[in-house]
Visitor: 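Before I ask anything, here is the structure I am working with.
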Amino acid sequence: MKVCMNCHLTYDDGAQVCAQCGNPLTYVVPQQTDPADHTADFDTADISENKVFAMLPYLMGWIGIVIALLAGSKSAYAAFHVRQALKIQICNALLGMIAAILAITIIAPIAAAVCICILGIVNIICFFQVCAGKAKEPAIIRNLGFLK
């Protein structure tokens, strides 16, 4: 894609000059953005003031979710991380139930334990993203349709 730096109109790659002002066109590389990164959606003041409340759900599980909901109820940034941590906790609970129900077999509890370990690693990654002031949806659970 080419852009006129004077008029800011966009043209196809084959165009050489702007049809409106005649200036030469500049090739612009389209920026690829991560659709899972929502950091720009939040105010920097909200992020800096509510980082601790956003960390609690990842550190303390269900108790941290409740504390973050009560203490940081007016923060959109904390609410975003509460939703992400809630997804992780729901997946952990479902995996635990599946492992308990299928405890007769050996494979199901082992597979559930491996998945719970993977979710634990995702939880740690999310904690460090909060430390960096980011708001990214976790890799494995971002495609789950609940809690948008």
Visitor: How far apart are the closest heavy atoms of Phe42 and Ala135, and which atoms are they?
Guide: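 Nearest heavy atoms, Phe42 then Ala135: CE1-CB, 3.5 Å.
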Visitor: Is there a side chain to side chain contact (heavy atoms under 4.5 Å, CB included) between Cys91 and Ile141 once you walk through the steps?
Guide: CA-CA 9 Å; Cys91 290; Ile141 61 168; 4.2 Å; yes
Visitor: How many angstroms lie between atom CG of Asn143 and atom NZ of Lys87, to the nearest 0.5 angstrom?
Guide: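 Separation between the atoms: 8.5 Å.
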Visitor: Can a salt bridge be assigned to the pair Lys2 and Asp12 using a cut-off of 4.0 Å between side-chain N and carboxylate O?
Guide: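 Asp12 and Lys2: not salt-bridged.
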Visitor: Under the side chain to side chain contact (heavy atoms under 4.5 Å, CB included) rule, what do Ile90 and Leu86 come out as? Steps first, then yes or no, please.
Guide: CA-CA 6 Å; Ile90 289 171; Leu86 192 57; 4.1 Å; yes
Visitor: Considering residues at least two apart in sequence or located in another chain, which fulfil the ring pair (Phe, Tyr, Trp, His ring centres under 6.0 Å) criterion with Phe53?
Guide: none
Visitor: Closest heavy-atom contact between Asp37 and Lys136?
Guide: OD1-CG, 3.5 Å
Visitor: Please round to the nearest 0.5 Å and tell me the distance separating atom CD1 of Ile118 and atom CG of Asn123.
Guide: 13.5 Å
Visitor: Going from CZ on Arg83 to CD on Glu137, what distance comes out if it is rounded to the nearest 0.5 angstrom?
Guide: 9.0 Å
Visitor: Side-chain heavy atoms nearer than 4.5 Å, only ILVMFWY residues, links allowed to pass through others: does that put Ile116 and Ile110 together?
Guide: no
Visitor: Over all heavy atoms of both residues, which pair between Gly61 and Gln89 is shortest? Give the atoms and the distance, please.
Guide: CA-NE2, 3.7 Å
Visitor: So, for Cys7 and Cys21, which heavy atoms are closest and what is the spacing to 0.1 Å?
Guide: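 Cys7 and Cys21 have their closest heavy atoms at SG-SG, 3.4 Å.
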Visitor: Do any N or O atoms from the side chain of Asn50 and from the backbone of Asp46 form a donor-acceptor pair under 3.5 angstrom?
Guide: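 Pair found, side chain donor or acceptor close to backbone of Asp46.
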Visitor: When rounded to the nearest 0.5 angstrom, what distance separates SG in Cys115 from CD1 in Ile98?
Guide: 9.0 Å
Visitor: Any heavy-atom pair between the side chains of Cys126 and Ile88 that's under 4.5 Å?
Guide: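 A side-chain contact exists here, since the closest heavy-atom pair is under 4.5 Å.
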Visitor: At what distance, to the nearest 0.5 angstrom, does CG of Leu56 lie from CD1 of Ile67?
Guide: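 Leu56 atom CG to Ile67 atom CD1 measures 6.0 Å (nearest 0.5 Å).
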Visitor: Indicate if Met97 and Leu102 have the same hydrophobic cluster label, given that clusters are the connected sets of ILVMFWY residues with side-chain heavy-atom separations under 4.5 angstrom.
Guide: no
Visitor: Rounded to the nearest 0.5 Å, what separation is found between the NE2 atom of His81 and the NE2 atom of His38?
Guide: 10.5 Å
Visitor: Any side-chain heavy atom of Met5 within less than 4.5 Å of one from Asn23?
Guide: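 No - every pair of side-chain heavy atoms lies 4.5 Å or more apart.
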Visitor: Is it true that Ile125 and Leu119 fall in one hydrophobic cluster, defined by side-chain heavy atoms closer than 4.5 Å?
Guide: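 Unlinked, Ile125 and Leu119 end up in two clusters.
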Visitor: Return yes when atom CG of Leu70 has more than 12 non-hydrogen atoms of other residues, nucleotides or ligands closer than 6.0 Å, and no otherwise.
Guide: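 Check passes, neighbour count above 12.
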Visitor: With heavy-atom distances below 4.5 Å as the criterion, would you say the side chains of Leu25 and Gln16 are in contact?
Guide: no
Visitor: Quick one, Val3 and Leu9 - any side-chain contact, counting heavy atoms below 4.5 Å?
Guide: no
Visitor: Kindly work out whether a path of hydrophobic side-chain contacts (I/L/V/M/F/W/Y, heavy atoms less than 4.5 Å apart) joins Tyr58 to Val66.
Guide: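 Shared cluster, no.
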Visitor: Please report the shortest heavy-atom distance between Gln20 and Tyr11, naming the atom on each side.
Guide: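 That closest heavy-atom pairing would be N-OH, 3.9 Å.
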Visitor: If only atom types and distance count, is the side chain of Tyr77 paired as donor or acceptor with the main-chain N or O of Lys134 below 3.5 Å?
Guide: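 The answer is yes, because a donor-acceptor pair under 3.5 Å joins these two groups.
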Visitor: With hydrophobic residues grouped by side-chain heavy-atom distances under 4.5 Å, do Leu59 and Trp62 end up in a single group?
Guide: yes
Visitor: For the residue pair Cys131 and Met55, establish whether any side-chain heavy-atom pair is separated by less than 4.5 Å.
Guide: yes
Visitor: Can you tell if the side chain of Ser73 reaches within under 4.5 Å of the side chain of Leu69, non-hydrogen atoms only?
Guide: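 Contact flag for Ser73/Leu69 side chains = no.
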Visitor: Could you pull out the closest heavy-atom pair between Ala78 and Ala54, with the gap in Å?
Guide: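 Looking at all heavy atoms of both residues, the shortest contact is CA-CB, 4.2 Å.
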